[in-house]
Amino acid sequence: FFQRTTHQIMFITTTTLLLLSTIANPFSLNNFHRYHDRSCLHRSGKQWQQEVQVHPVSVTTTATATRRRSSISSDHASTSEEQPEIHPSSSSSSAPPSSSLLSKEQRSTFHHEVPLPNSYYTQILSNDNSLQGVATKLRQYYDQHFCDPRQPNANRFIWDPWFVQVGDTLKHLKKSSETVGEGETGVLDGEEEATNEQVQYSLKRIQSSTFFTSPTEQDNAHNKNDEEELTLFDDLVNELTTLGRSIGLTAITPPWMSLYMDGDRQNLHTDAPQGQMAFVLSLCRDDNYVKNGSNDFSGGETMLLRSDILDYWKGFDGSKGLECGDIMRFVPPSPLGRCIVFDPRIPHGVNTVDGTLDPRKGRVVIHGWYNEPEVCFFGPWQKRDSDIDHDNVYYDNDDPATRAANQILEDSFQPLLQTLSSGEIGRVMGYLAIQLEIDEYGEVDNVLAVCDTLRADWDDYRGVIGYDEAERPVMEDAVSDVRLTIYETLKNLHFGDGEPGRVIVVPFAFE
């Protein structure tokens with residue numbers, strides 16, 4: 001009891017300090033120290049700096065509902081090391097699309113909106129339309145790159161043929177009690193060797209910034225100014241981050257582009273440290289995938305372990321068996337332009353590709369991670385001015401109206417976080433993005449979950465927490481308790497009179 005109480009007090013103090021430094025002024029944080037890598041992604045019209053952010057304040061305890069600074073994180077098939085970050089262009093000519101001014105129907109979203117009290121764990125979200133335009137351009141550029149297989153091209157020599165077996169990593173299967181489950185007898189003869197020979201990753205990959213930049217553009221990048229036209233890679237970053245803002249994630253790590261041909265795959269793995277959500281953008285031609293009537297390749301689906309399998313013994317039914325489709329989800333690599341995001345804590349991989357050895361006909365995707373949660377504003381937060389072209393103005397969180405809204409959120413979040421960290425509610429883990437829809441009177445019309453990967457921490461499960469009027473036991477449901485507590489706080493906020501259509505996306509990261 002003493003240890004738990006001390007833990008909670010430390011959490012409340014740390015969380016309060018973090019909120020005071022992040023909510024009040026999210027675009028000018030003094031407590032975020034930036035170290036710039038000397039290598040830059042040089043673009044025609046824009047120089048993209050790779051950055052690594054160091055967060056001195058780290059909160060990883062009960063109900064860690066923290067909201068952090070904006071940035072960009074990437075690829076889901078990489079190492080576990082911290083990834084550098086890319087930020088979208090901030091120049092007037094290269095600002096992201098004015099999503100903050102678009103109507104609810106026009107905004108780039110994942111079209112997942114559930115009333116917060118009724119929300120549920122959502123493993124994967126999808127958008128098939130918003131990135132169609134940039135994906136088509138990227139695919140055309142890719143096809144031009146490989147159009148003549150006899151024509152020498154220096155860029156073809158900079159692909160990384162990434163092949164990793166389990167035994168090639170530091171995570172070998174060891175003959176130790178730590179590697180077997182409760183009641184198991186240990187590692188069998190030959191099991192370690194067989195496991196180490198399994199293929200973990202087999203694919204060809206390249207940094208998207210490198211592939212979508214010609215040598216001439218690389219040489220001239222330092223001579224360009226911010227007012228020049230966006231390049232294809234700039235468009236990719238802006239489109240991805242615009243979509244990410246709809247779920248409160250404003251950053252991606254430098255995205256990889258990967259090519260899968262015959263025999264290539266990714267075996268099951270997790271990559272939770274890289275970001276709150278992983279993303280995969282398909283550049284596969286619809287006529288290359290076998291299920292669309294092609295003979296070029298089969299396989300290549302994104303595989304995810306079904307969430308109920310992770311709770312396999314909960315409600316176990318021994319009267320029926322399970323097959324592949326009951327255990328795994330398979331998301332096809334088409335159509336072109338589909339962007340999926342999923343919970344990177346879930347074991348996932350890429351199904352073995354069978355068929356082509358032609359890079360023009362294989363599985364081609366851009367992938368990475370979304371991270372850095374930040375409160376995001378959409379709609380007409382500033383009063384209309386006839387002298388302002390509102391279709392081209394890009395508002396950020398440092399506008400007067402949004403600063404005032406941030407202050408309202410800060411005032412409400414102090415008691416909310418104290419409640420979440422009091423120990424009265426069980427611990428949860430995951431990411432929750434909440435969309436507040438505000439009417440012209442400043443009242444909150446709807447409180448919707450647009451991304452929800454919350455799961456209960458079973459190490460803190462308390463079982464029966466009381467009894468109802470009929471003396472029936474009431475079991476703890478920490479996730480529902482957290483959702484309801486947040487809902488009760490946010491539904492009663494008032495943001496002042498304004499134009500209808502204002503929206504705020506508020507992210508919570510529970511670690």
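Worth saying up front: this structure is predicted, and the values here are computed from it rather than measured. Note that these values count all heavy atoms, side chains included, but never hydrogens, waters or copies made by symmetry.
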Practice prompt. Check Gln266, Arg265, Arg205 against Tyr260 for a side chain to side chain donor-acceptor pair (under 3.5 Å) and give me the one that passes.
Written response: Gln266
Nearest 0.5 Å, please: how far is [atom2] in [Y] from [atom1] in [X]?
X: Asp343; Y: Leu125; atom1: CG; atom2: CG; answer: 10.0 Å
X: Leu116; Y: Leu432; atom1: CG; atom2: CG; answer: 6.0 Å
X: Leu240; Y: Arg245; atom1: CG; atom2: CZ; answer: 14.0 Å
X: Ser307; Y: Ile346; atom1: OG; atom2: CD1; answer: 6.0 Å
X: Leu138; Y: Leu131; atom1: CG; atom2: CG; answer: 9.0 Å
X: Asn351; Y: Asp264; atom1: CG; atom2: CG; answer: 12.0 Å

Nearest heavy atoms of [X] and [Y], plus distance in Å:
X: Val505; Y: Ala433; answer: CG1-CB, 4.3 Å
X: Ser282; Y: Ala135; answer: O-CB, 4.3 Å
X: Leu281; Y: Cys339; answer: CD1-CB, 4.2 Å
X: Val114; Y: Ser119; answer: CG1-CA, 3.7 Å
X: Glu372; Y: Thr250; answer: O-OG1, 3.2 Å
X: Arg363; Y: Gly300; answer: NE-O, 2.5 Å

Any side-chain heavy-atom pair from [X] and [Y] closer than 4.5 angstrom?
X: Ser209; Y: Phe233; value: yes
X: Met328; Y: Leu305; value: yes
X: Ile340; Y: Thr302; value: yes
X: Asp358; Y: Met261; value: no
X: Tyr142; Y: Leu259; value: yes
X: Thr453; Y: Met277; value: yes
X: Phe510; Y: Leu454; value: yes
X: Gln276; Y: Pro373; value: yes

Exam field: side chain [X] to backbone [Y], donor-acceptor pair closer than 3.5 Å:
X: Asp235; Y: Leu232; result: no
X: Ser246; Y: Leu243; result: yes
X: Asn446; Y: Leu448; result: no
X: Asp271; Y: Gln274; result: no
X: Asn127; Y: Ser130; result: yes
X: Thr122; Y: Ile124; result: no
X: Gln140; Y: Lys137; result: no
X: Arg306; Y: Leu304; result: no
X: Asp311; Y: Asp308; result: no
X: Asp262; Y: Gly355; result: yes

Discussion item. Working note: Asn196 + Asp168, criterion side-chain contact (heavy atoms from CB on, under 4.5 Å); need CA distance, chi angles, decisive distance, verdict.
Written reply: CA-CA 8 Å; Asn196 289 338; Asp168 293 332; over 6 Å; no
Practice prompt. Could you tell me if the ring centre of Phe279 sits under 6.0 Å from that of His367?
Written response: no
Practice prompt. Quick one: do Gln207 and Ile158 satisfy side-chain contact (heavy atoms from CB on, under 4.5 Å)? Show the steps, please.
Written response: CA-CA 9 Å; Gln207 277 287 325; Ile158 57 178; over 6 Å; no
Practice prompt. Kindly indicate, with the supporting measurements, whether the criterion side-chain contact (heavy atoms from CB on, under 4.5 Å) is fulfilled by Tyr289 and Glu301.
Written response: CA-CA 10 Å; Tyr289 183 48; Glu301 298 87 2; 2.7 Å; yes
Item to complete: For the pair Asp128 and Ser126, evaluate side chain to side chain donor-acceptor pair (under 3.5 Å) and give the outcome as yes or no after the intermediate values.
Response: CA-CA 6 Å; Asp128 288 355; Ser126 175; 3.2 Å; yes
Item to complete: Please determine if Arg455 forms a cation-pi arrangement with Tyr121, meaning its NZ or CZ atom is less than 6.0 Å from the six-membered ring centre and no more than 45° off the ring axis.
Response: yes
Worksheet item: With a distance cut-off below 6.0 Å to the six-membered ring centre and an angular limit of 45° from the axis, does Arg345 pair with Tyr431 as a cation-pi contact?
Response: no
Practice prompt. List the steps, then state whether side chain to side chain donor-acceptor pair (under 3.5 Å) holds for Gln435 with Glu437.
Written response: CA-CA 6 Å; Gln435 179 174 292; Glu437 297 180 351; 2.9 Å; yes
Worksheet entry | ring pair (Phe, Tyr, Trp, His ring centres under 6.0 Å) against Phe163, all qualifying residues, sequence neighbours excluded | none
Worksheet item: ring pair (Phe, Tyr, Trp, His ring centres under 6.0 Å) with Tyr312: which residues, sequence neighbours excluded?
Response: Phe316
Worksheet item: Taking the six-membered ring for Trp, are Trp159 and Phe146 parallel (under 30°), tilted (30 to 60°) or perpendicular (over 60°)?
Response: tilted
Worksheet item: With the threshold set at 4.0 Å, does a side-chain nitrogen-carboxylate oxygen contact exist between Arg483 and Asp452?
Response: yes
Practice prompt. For a salt bridge (Lys or Arg N to Asp or Glu O under 4.0 Å) with Asp143, tell me which candidate from Lys361, Arg285, Arg360 qualifies.
Written response: Arg285
Practice prompt. In sequence, state the C-alpha distance, the side-chain angles, and the governing distance for Asn267 and Tyr201, and then conclude on side-chain contact (heavy atoms from CB on, under 4.5 Å).
Written response: CA-CA 6 Å; Asn267 219 325; Tyr201 306 112; over 6 Å; no
